[in-house]
Amino acid sequence: MKDQQRLLSVNDLRVHFSQQKSGGLGKPVLVHVVNGVSFDVYHGETLGLVGESGCGKTTLGRALIRLGHSVVTGKIEFEGREISAVGNREFRSLRKQIQMIFQDPFGSLNPRLTVGQMLGEVLSVHGIARGQDARRRIDELLDLVGLNREYSNRYPHEFSGGQRQRIGIARALAVNPKFIICDEPVSALDVSIQSQIINLLKDLQRDLGLTYLFIAHDLSVVEYISDRVAVMYLGKIVEIADSAELYANPKHPYTRALLSAIPNPEFGGKKERILLKGDLPGPMNIPTGCGFHPRCPSAMAECSQREPKFQEFNPANGHKVSCLLYE
């Protein structure tokens with residue numbers, strides 16, 4: 001990927017917000033949800049982002065498009081231009097280039113608007129089309145996502161979950177974006193529908209030249225759709241590599257544990273399951289040293305004292321890992 005052009009570059013991204021301690025007494029404390037994340041996304045690729053619930057995946061995706069009320073620091077570049085410091089008014093123009101598909105296809109749609117009204121509103125707000133031009137563009141969008149044009153007169157509650165997610169995809173495509181953040185877009189859908197939406201996303205990427213950040217916790221889905229995969233734990237990326245490389249040769253103990261949980265589709269096939277101790281710590285109680293060391297089956301005494309560097313394990317293919325086992 002190093003010979004490809006970077007579309008998005010994130011350097012030392014940190015997201016935190018104030019939270020009152022239980023009981024409501026004392027001063028609020030800073031909760032670090034994303035804690036020093038750096039990665040690149042290249043034109044035309046899909047970067048998968050995986051990790052347990054609560055590790056900061058969704059918060060990271062929302063921070064890239066300024067959704068939420070958290071405090072964000074670090075440097076974000078889009079097409080070589082730093083966008084982390086631009087004002088809100090200027091950032092609105094960038095929203096046409098960066099869009100998001102949400103996990104809940106029903107909660108992300110306005111129940112009081114028909115599909116046509118929703119899409120028409122997007123086209124109007126961004127100055128893309130109005131009147132008959134908007135009508136034609138809405139028909140094109142419905143065709144793109146595999147929905148009947150007559151559905152433009154229906155409301156969100158009249159559709160199935162898969163159809164609603166197709167509407168969400170059409171809304172994201174309405175402004176002709178270059179980069180789409182897919183926040184667990186199939187986790188709320190039946191398995192049979194998941195495959196249809198995943199294949200639709202792949203077809204759209206091929207036909208429209210899109211770039212995805214694909215956030216998910218289903219490792220099988222991530223393996224199928226992703227060119228590269230980043231593994232996140234407790235607000236940090238602990239490993240990143242080409243998809244085939246990561247699944248065949250995982251280095252971080254957390255990555256190995258995640259991959260060991262993937263079911264073996266072969267009849268009678270068995271895999272050695274790596275069971276982790278305890279639960280994912282909360283962002284208000286981050287362990288010292290390596291954040292993973294209390295649960296790590298390969299932990300050393302040094303792991304509780306020193307935080308590992310995120311560095312290249314194999315410079316030839318860009319495989320990076322954050323673990324003292326390789327320093």
Side-chain angles (χ1 to χ4, degrees), residues 41 44-53 57-58 60-62 64-65 67 98-111 113-116 118-119 122 137-152 154-230 232 243 247 258 262-263 265:
V41 184
E45 79 161 340
T46 297
L47 175 65
L49 182 62
V50 300
E52 292 173 278
S53 296
K57 305 186 301 296
T58 294
L60 169 59
R62 287 174 173 264
L64 297 178
I65 56 171
L67 284 182
I98 307 173
Q99 286 289 299
M100 192 166 192
I101 300 169
F102 297 92
Q103 177 179 1
D104 181 2
F106 188 70
S108 64
L109 301 177
N110 190 332
L113 298 181
T114 65
V115 172
M118 272 186 285
L119 296 178
V122 174
R137 178 58 178 159
I138 291 169
D139 288 343
E140 291 174 0
L141 290 167
L142 293 177
D143 290 341
L144 272 175
V145 299
L147 292 176
N148 193 310
R149 293 183 177 187
E150 296 177 359
Y151 290 173
S152 64
R154 296 186 182 181
Y155 291 88
H157 72 271
E158 300 180 75
F159 297 97
S160 66
Q163 289 173 326
R164 284 195 287 261
Q165 194 58 286
R166 289 174 186 267
I167 296 167
I169 294 171
R171 183 178 57 185
L173 294 176
V175 292
N176 299 313
K178 295 181 180 178
F179 179 53
I180 297 180
I181 301 165
C182 306
D183 182 20
E184 304 206 32
V186 298
S187 63
L189 305 177
D190 293 339
V191 174
S192 60
I193 306 301
Q194 287 183 11
S195 60
Q196 296 176 20
I197 298 300
I198 292 296
N199 287 328
L200 172 62
L201 290 172
K202 288 177 71 72
D203 290 343
L204 292 171
Q205 183 177 46
R206 179 198 62 217
D207 297 339
L208 303 177
L210 298 172
T211 303
Y212 296 141
L213 174 64
F214 191 89
I215 301 170
H217 60 264
D218 188 326
L219 292 161
S220 300
V221 170
V222 171
E223 182 181 19
Y224 177 70
I225 196 173
S226 301
D227 299 293
R228 292 187 302 135
V229 178
M232 197 168 181
S243 180
Y247 280 77
L258 288 180
I262 301 177

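What you see is a predicted model, and the numbers here were worked out from it, not measured in a lab.
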**OP:** Start with the C-alpha distance between L147 and V115, add both sets of side-chain angles, then the distance that settles side chain to side chain contact (heavy atoms under 4.5 Å, CB included), and finish with yes or no.
**Re:** CA-CA 11 Å; L147 292 176; V115 172; 6.0 Å; no
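- When all heavy atoms of R171 and L109 are compared, the pair lying nearest together is NH1-CD2, 3.7 Å.
- For the atom pair CG (L67) and CG (D183), the distance works out to 10.0 Å, reported to the nearest 0.5 Å.
- Without hydrogens or angle criteria, N148 side chain to E150 main chain gives a donor-acceptor distance under 3.5 Å.
- In this structure, L141 and A170 approach most closely via the heavy-atom pair CD2-O, 3.8 Å.
- Summarising the geometry, atom CD1 belonging to I169 is positioned 13.5 Å from atom CZ belonging to R164; distances are rounded to the nearest 0.5 Å.
- Residue L189 comes nearest to P105 through the heavy atom pair CD2-CG, 4.5 Å, listed as atom of the first residue, atom of the second, then distance.
- Counting all heavy atoms, side chain and backbone alike, S187 lies closest to H217 at CB-CE1, 3.9 Å.
- Considering CD1 of I215 and SG of C182, their distance stands at 8.5 Å, rounded to 0.5 Å.
- The main-chain N or O of L219 is found under 3.5 Å from a side-chain atom of Y247 such that the two form a donor-acceptor pair.
- Here E140 contributes atom CD and L119 contributes atom CG; the two are 12.0 Å apart, rounded to the nearest 0.5 Å.
- Between F214 and L201, the closest side-chain pair of non-hydrogen atoms falls below 4.5 Å.
- Here the side chain of E223 pairs no donor or acceptor atom with the backbone of S243 at under 3.5 angstrom.
- A side-chain donor-acceptor contact under 3.5 Å links Q194 to the backbone of V186.
- Here the closest heavy-atom approach between residue Q205 and residue G44 is recorded as NE2-O, 3.4 Å.
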Original post:
Can Q165 and I101 be said to form a side chain to side chain contact (heavy atoms under 4.5 Å, CB included), step by step?
Top reply: CA-CA 8 Å; Q165 194 58 286; I101 300 169; 3.5 Å; yes
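- The distance from the NZ atom of K178 to the CG atom of L208 is 13.5 Å, given to the nearest 0.5 Å.
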**OP:** Apply side chain to side chain contact (heavy atoms under 4.5 Å, CB included) to the pair L204 and Y212, showing each step before the final yes or no.
**Re:** CA-CA 11 Å; L204 292 171; Y212 296 141; 3.9 Å; yes
**OP:** Start with the C-alpha gap between V145 and I167, add the side-chain angles, then the distance that decides, and say whether side chain to side chain contact (heavy atoms under 4.5 Å, CB included) holds.
**Re:** CA-CA 8 Å; V145 299; I167 296 167; over 6 Å; no
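- When the options I180, I181, T211 are evaluated for a side-chain contact (heavy atoms from CB on, under 4.5 Å) with I98, the one that passes is I181.
- Across every non-hydrogen atom of M100 and A172, the tightest pair is O-CB, 4.3 Å.
- In this structure a side-chain-to-backbone donor-acceptor pair under 3.5 Å is missing from K57 to L49.
- For the atom pair CD (Q163) and CD1 (I193), the distance works out to 8.5 Å, reported to the nearest 0.5 Å.
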